Undergrad: 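Can you read through this structure? Questions will come right after.
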Amino acid sequence: MTNAHTDLDPAWTASIPRHWCWMRNKELLFEAQTLSTDGSEELLSVSHLTGVGPRSEKNVTMTKAESLDGYRVVEQGDLVINTMWAWMGALGVARHAGIVSPAYGVYRPRPSAPFEPRFFDYLYRSTEYVMEMNRVSRGIWSSRLRIYPEVFLRMAVPMPPLEEQRAIADYLDRETARIDTLIEEQQRLIEMLRERRQAVVHRSVGGLDRIACRPTNDSWWPKLPEGWAPLRLRRVIRGLADGPHFSPNYVDEGVMFLSARNIRVDGWSLDDAKFVSEEDYLEFSKRVVPEPGDVLYTKGGTTGIARVVDLDFPFQVWVHVAVLKVRRDLVDPHFLAYALNSPPCYEQSQLFTRGATNNDLGLTRMVNIVLPVPPLEQQRQIIATLDQQTAKIDTLITESRQFIELARERRSAVITAAVTGQIDVREAA
């Protein structure tokens with residue numbers, strides 16, 4: 001044990017209770033060696049092994065045809081780390097047994113170490129400890145950083161007595177469960193609000209709130225009001241294009257570069273938007289220039305989400321976003337976005353999406369999506385009604401998102417305070 005601070009001691013634990021001490025990870029853990037396996041064990045993600053995230057829907061298992069070189073068997077209670085990039089979803093004490101790829105480090109508690117797995121699961125996944133691991137990682141770019149075993153094992157951890165570790169873990173189990181319950185309730189509320197929004201949009205753009213409707217020959221829109229027509233997307237646009245089919249060199253300051261994750265039905269999500277240089281912007285603009293009144297339509301990753309461009313600054317898009325140039329003599333851009341986000345059009349977009357892992361809604365397929373097209377004056381009336389109705393729903397969704405963000409910050413703060421001794425769990429019990 002040691003109480004001395006070194007350059008590898010986390011700065012965020014500068015003060016711990018007097019009866020706690022410092023220990024190096026190497027005094028608690030040893031690196032598990034690569035073990036022989038017959039390939040019958042299941043290959044699982046670290047987020048599933050540690051209980052951070054749900055198990056992938058993919059049934060991934062090792063087979064004898066695969067090379068097992070470097071793969072490691074994980075036992076319950078082992079610490080598993082993504083050595084290439086330490087982040088919250090790929091770090092923690094395993095709750096299940098399985099196999100992980102060579103990209104992960106596996107560390108096993110020493111038999112005599114005062115190691116309560118639940119306490120260290122909270123400690124190692126706390127935001128501040130992950131940041132400390134990133135600080136001592138080596139590499140050129142964030143995506144290339146690596147936490148080497150000798151560096152991780154030299155890192156220090158605050159060490160309460162074993163009984164106090166258990167008490168802290170019990171306290172955090174209770175507190176995080178309460179917070180997680182609140183978060184889940186808000187997430188369910190958001191889903192209900194989204195379903196309500198879809199129903200409102202569907203009823204208006206499909207003419208379901210109008211009395212007189214006539215049969216059509218289209219299976220997606222079997223009945224429409226008089227004067228409405230089911231048209232394919234290709235009929236109501238004068239052109240479309242997507243962004244560059246490669247990842248450009250991003251810069252800290254430049255022209256905003258949007259991907260599918262930045263586009264939501266109920267608003268822009270620009271906090272994590274990337275930027276490209278002015279030179280790249282001009283080069284990409286030879287392909288397409290997004291302008292106010294265009295409709296952006298996601299075609300990669302999360303597909304089938306439309307939003308009208310109302311941004312008052314230049315920007316460019318990646319390959320995962322299509323820029324639709326609208327024929328305004330036939331359709332108002334805002335009506336087009338509402339229609340494309342309606343359940344029938346969204347379902348069509350998913351049927352036209354290809355790929356098991358890299359989803360792609362190809363340009364030549366998306367133009368076959370069928371949408372209802374009323375006369376322009378009726379489109380504008382529908383837009384005015386939907387703007388008013390969806391604004392109320394979107395406000396509630398935003399408030400729920402803000403609640404979730406605050407709750408997650410509270411969760412992180414409680415964990416940090418508990419694992420560094422800032423909360424006396426004996427008094428909090």
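On a predicted model such as this, the values are computed, not experimentally measured, just so you know. Along the sequence shown, residues carry numbers from 1.
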Undergrad: Would you say Thr176 and Tyr171 make side-chain contact, with heavy atoms under 4.5 Å?
TA: no
Undergrad: Using a 6.0 Å cut-off, check whether atom CG of Asp329 has over 12 heavy atoms from anything other than its own residue.
TA: yes
Undergrad: Name all pairs fulfilling the ring-ring contact (aromatic ring centres under 6.0 Å, His included) condition that reach into residues 358-404, sequence neighbours left out, sorted by first residue then second.
TA: none
Undergrad: I'd like a table of donor-acceptor pairs (distance under 3.5 Å, sequence neighbours excluded) in which one partner is a side-chain atom from residues 232-240, with atom names and distances.
TA:
from, atom 1, to, atom 2, distance (Å)
Arg232, NH1, Asn368, O, 2.8
Arg234, NH2, Asn368, OD1, 2.8

Undergrad: Is the ring pair His320/Trp318 parallel, tilted or perpendicular, if the boundaries are 30 and 60 degrees?
TA: tilted
Undergrad: Specify the closest pair of heavy atoms between Ala306 and Tyr297, including all atoms of both residues, with the distance to one decimal.
TA: CB-CD1, 3.7 Å
Undergrad: Which pair of heavy atoms, one from Gly227 and one from Pro375, lies closest together, and at what distance?
TA: O-CD, 3.6 Å
Undergrad: Just do the side-chain contact (heavy atoms from CB on, under 4.5 Å) check on Leu371 and Val373 with the steps written out, would you?
TA: CA-CA 6 Å; Leu371 63 144; Val373 180; 4.2 Å; yes
Undergrad: Test side-chain hydrogen bond (donor to acceptor under 3.5 Å, both in side chains) on Thr420 and Gln422 and set out the steps.
TA: CA-CA 6 Å; Thr420 58; Gln422 299 173 43; 2.8 Å; yes
Undergrad: For residues 187-218, which residue pairs qualify under ring-ring contact (aromatic ring centres under 6.0 Å, His included), counting only residues two or more places apart or in two chains?
TA: His202-Trp221
Undergrad: Is it the case that Lys274 places NZ or CZ above or below the six-membered ring of Phe257, under 6.0 angstrom from the centre and within 45 degrees of the axis?
TA: no
Undergrad: Between Asn25 and Tyr124, is there a side-chain donor-acceptor contact under 3.5 Å, judged purely by atom types and distance?
TA: yes
Undergrad: For Arg408, does its backbone N or O pair with a side-chain atom of Ser412 as donor and acceptor, under 3.5 Å?
TA: no
Undergrad: Near Arg166 CZ, under 6.0 Å, is it more than 12 heavy atoms from other residues, nucleotides or ligands?
TA: yes
Undergrad: Does the ring center of Tyr107 lie less than 6.0 Å from the ring center of Phe152?
TA: yes
Undergrad: May I have the step-by-step check of side-chain hydrogen bond (donor to acceptor under 3.5 Å, both in side chains) for Tyr122 and Asp173, ending in yes or no?
TA: CA-CA 9 Å; Tyr122 284 117; Asp173 284 347; 2.6 Å; yes
